[in-house]
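Numbers restart at 1 for each chain; the letters A, B, ... are given by sequence-line order, proteins then strands.
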Number of protein chains: 2
Amino acid sequence: MIETIQWTDQGVVMIDQTRLPAEETYVTCRNYREVADAIRTMIIRGAPAIGVAAAMGVAIGVAQADPADLDGQLAVISKELAGTRPTAVNLFWAIDRMNRVYSEIKHLPFEEIRERLIAEAKLVRVEDIQINMAMGRHGASLVPDGKTVLTHCNAGALATAGYGTALGVIRAAIESGKNIDVYADETRPFLQGARLTVWELQHDGIRATLITDNMAGHFLRAGQIGCVVVGADRIAANGDVANKIGTYSVAVLAKENNIPFYVAAPISTLDLTLSSGEFIPIEERGGAEVTHVFGVRVAPEGTEVRNPAFDVTPNRYVTAIITEKGVARAPFNESLRQLAELKK
Amino acid sequence: MIETIQWTDQGVVMIDQTRLPAEETYVTCRNYREVADAIRTMIIRGAPAIGVAAAMGVAIGVAQADPADLDGQLAVISKELAGTRPTAVNLFWAIDRMNRVYSEIKHLPFEEIRERLIAEAKLVRVEDIQINMAMGRHGASLVPDGKTVLTHCNAGALATAGYGTALGVIRAAIESGKNIDVYADETRPFLQGARLTVWELQHDGIRATLITDNMAGHFLRAGQIGCVVVGADRIAANGDVANKIGTYSVAVLAKENNIPFYVAAPISTLDLTLSSGEFIPIEERGGAEVTHVFGVRVAPEGTEVRNPAFDVTPNRYVTAIITEKGVARAPFNESLRQLAELKK
């Protein structure tokens with residue numbers, strides 16, 4: 001099993017996702033600032049994994065804080081972590097969760113606060129794996145047997161604490177006996193598909209074929225793809241989905257070819273405070289991600305670049321949203337709220 | 001002005017498009033086999049440029065042939081050149097044109113045949129530039145003023161003998177006084193957009209912004225793009241368009257967002273022998289183009305790859321086809337045939 005992120009006595013240990021697949025190396029973040037840097041530089045990425053990292057970042061930050069000013073320092077730590085990336089709501093969800101726990105136990109001795117926050121961060125990680133497996137159980141039946149599943153970016157074990165959201169659904173479909181294979185969009189500019197999804201599926205012996213992003217439409221039209229499954233970074237109350245740049249295109253092309261388009265995401269990815277996707281902040285990253293590949297320049301000096309890291313897929317292109325509590329379909333305003341209010 | 005391909009006393013000189021933009025180097029093909037290799041390895045690419053290269057390949061091949069067996073050797077030369085790439089019909093059109101000229105003059109002395117074929121190959125080049133400028137005149141009025149034009153791949157001076165098809169329309173729109181800029185899809189896997197289109201537009205002082213292919217949908221939805229203009233490698237009688245992989249996706253996304261999608265291509269790109277695009281052969285290239293970027297591995301060892309170099313855009317997504325003889329609109333079966341039959 002791939003270990004994306006773990007709490008250790010030495011610090012928060014993460015597999016370095018900027019170096020895969022060439023090198024399988026691990027980074028140990030020894031304080032909350034190093035956790036924030038790891039999120040910012042995409043050593044760890046993927047909405048649920050970012051959530052786990054943020055929870056562990058709060059825990060390590062408070063554990064190392066001056067017991068005389070925990071309130072003030074928790075605020076500083078939370079602000080630093082919240083400022084790393086704007087789109088994935090799981091980041092803010094995890095920080096809020098840690099702050100809520102803190103506010104309930106802040107009257108306790110420091111040593112106990114420390115232990116309780118570390119335990120909570122570890123729980124966020126363990127729950128994430130359980131949530132992904134539950135999502136897999138709900139989603140497996142939706143995947144057509146004997147066909148290819150197209151996925152975009154990496155919504156796998158590496159994007160979560162383990163098992164994955166979209167790739168969790170694929171794993172569960174295979175575990176349920178279905179004969180499927182995967183087409184993975186390479187997902188420029190960061191190449192999460194080429195570098196991470198293919199690597200992760202090879203690791204598990206799942207048949208994967210790599211394509212460039214601009215081939216997805218061609219293959220969706222060619223008839224071999226049974227469904228699309230992707231993850232999400234934030235889902236508005238109406239079911240609009242922010243996810244890795246290019247997701248919108250895949251969704252439109254799937255609909256145009258009458259192929260179901262599924263989003264697999266935990267309830268923590270819902271942002272019911274936003275009525276629609278137009279209010280989701282979209283991170284724009286540096287141009288060098290586009291002009292360079294692994295340090296090699298692929299465009300002329302002085303090239304102007306746009307590099308939005310995410311796009312918004314309007315709900316009309318989304319066939320269903322697979323969560324750990326069940327599957328939501330249109331009208332999403334109702335179905336998502338109902339799922340969110342369900343007891344576990 | 002960028003010189004894509006030229007006939008010289010030393011041979012056929014081409015700018016090496018595999019090395020741009022890092023290096024501006026020129027390759028001299030000293031015999032027809034070297035011309036064939038240059039087409040195969042994409043030192044020269046782009047349907048009209050391939051046509052010019054093939055014409056020059058026939059000329060240099062016959063010029064160096066044994067005068068005692070010109071018929072036999074022309075057949076060998078033609079077969080070798082025709083076997084380089086299957087999709088762009090301009091290749092076959094140019095070889096046919098040279099063979100027709102040969103059959104009219106084969107009774108003449110060898111020296112004269114040689115000179116006439118060289119003159120014809122040079123004429124193919126000069127005509128191509130004139131054709132592109134005529135296309136520009138017809139297309140310029142279609143480009144909305146004050147907006148961005150999205151293009152895919154490189155259908156510019158580098159894809160032709162000069163001026164370009166899609167980029168020719170953009171150049172002509174700017175020359176007519178329109179205030180437009182260009183968004184260039186990087187066009188994986190060969191990165192013609194990043195490497196060639198941006199370089200070529202910078203060269204001419206045309207404002208260009210580079211995006212990854214999977215961002216095109218996002219920006220088409222965002223409202224700043226006034227139209228899409230692309231080239232073509234082969235157009236069937238019904239207006240279905242084979243062009244660089246990813247064109248189909250851009251066309252669907254343009255239509256979904258009510259943005260005109262224009263194809264700029266010379267009449268030589270029409271293949272009226274094919275009733276629809278489903279009969280156009282689609283070249284599948286080696287997997288290393290996808291797994292490696294400039295020699296740097298971006299996917300794990302043993303990655304399975306699909307690499308179709310082209311896709312087919314059904315005519316229903318095509319707003320108009322801009323040719324040197326005028327602009328064709330649906331129903332394309334009629335409009336394309338009428339244009340093809342027009343005297344120059």
Side-chain donor or acceptor of A:Ser276 paired with backbone N/O of A:Ala236 under 3.5 Å: no
Whether B:Arg285 side chain and B:Val290 backbone form a donor-acceptor pair below 3.5 Å: no
Residue A:Val312 versus chain B: region with a heavy atom under 4.5 Å: both
Part of A:Leu191 within contact of chain B (heavy atom distance under 4.5 Å): side chain
Leading residue by heavy atom contact count with chain A [cutoff under 4.5 Å; candidates B:Arg297, B:Met215, B:Glu301, B:Arg195]: B:Met215
Minimum heavy-atom distance A:Ala173-A:Ile180, with the two atoms named: CB-CD1, 3.9 Å
Modelled atom types, side-chain donor and acceptor of B:Thr187 and B:Asp185, under 3.5 Å: no
Approximate separation, where rounding is to 0.5 Å, of A:Tyr262 OH and A:Ile170 CD1: 12.5 Å
Which atoms of A:Val296 approach chain B - backbone, side chain, both or neither, heavy atom under 4.5 Å: side chain
Contact class of A:Glu289 relative to chain B, heavy atoms under 4.5 angstrom: neither
Contact leader toward chain A among B:Val298, B:Thr303, B:Asp311, where contacts are heavy-atom pairs under 4.5 Å: B:Val298
Residues in residues 219-229 of chain B that sit under 4.5 Å from chain A, counting heavy atoms only: B:Phe219, B:Arg221, B:Gln224
Main-chain N/O of A:Gly287 paired with A:Asn307 side-chain donor or acceptor, under 3.5 Å: no
Side-chain donor/acceptor of A:Asp145 to backbone N/O of A:Asn179, under 3.5 Å: yes
Under 3.5 Å: donor-acceptor pair, side chain of B:Thr4, backbone of B:Thr160: yes
Nearest-0.5 Å distance, CG of residue A:Leu20 to CG of residue A:Leu196: 6.0 Å
Student check: side-chain heavy atoms of B:Asp233 and B:Thr269 closer than 4.5 Å: no
Structural part of A:Asp181 lying under 4.5 Å from a heavy atom of chain B: neither
Atom of B:Leu167, atom of B:Thr151 and distance for their closest heavy-atom approach: CD2-CG2, 4.1 Å
Gap between atom CD of B:Glu24 and atom CH2 of B:Trp199 - 0.5 Å precision: 4.5 Å
Backbone of A:Thr247 reached by a side-chain donor or acceptor of A:Ser249 within 3.5 Å: no
Residue A:Arg188 versus chain B: region with a heavy atom under 4.5 Å: both
Residue A:Pro300 versus chain B: region with a heavy atom under 4.5 Å: both
Side-chain donor or acceptor of A:Arg45 paired with backbone N/O of A:Asn154 under 3.5 Å: yes
Side chain proximity check, B:Ile245 to A:His218, heavy atoms < 4.5 angstrom: yes
Interchain contact, B:Arg306 with chain A, by part (heavy-atom threshold 4.5 Å): both
Shortest non-hydrogen contact from B:Leu158 toward B:Ala49: O-CB, 4.1 Å
Chain B contacts, top residue of A:Tyr183, A:Phe294, A:Tyr248 (heavy-atom pairs, under 4.5 Å): A:Tyr248
Pick from A:Glu304, A:His152, A:Lys255 with the largest number of heavy-atom pairs that fall under 4.5 Å of chain B: A:Glu304
Contact leader toward chain A among B:Pro189, B:Gly295, B:Pro308, where contacts are heavy-atom pairs under 4.5 Å: B:Pro308
Close approach to chain A in residues 200-213 of chain B, criterion heavy atom under 4.5 Å: B:Gln202, B:Ala208, B:Thr209, B:Leu210, B:Ile211, B:Thr212, B:Asp213
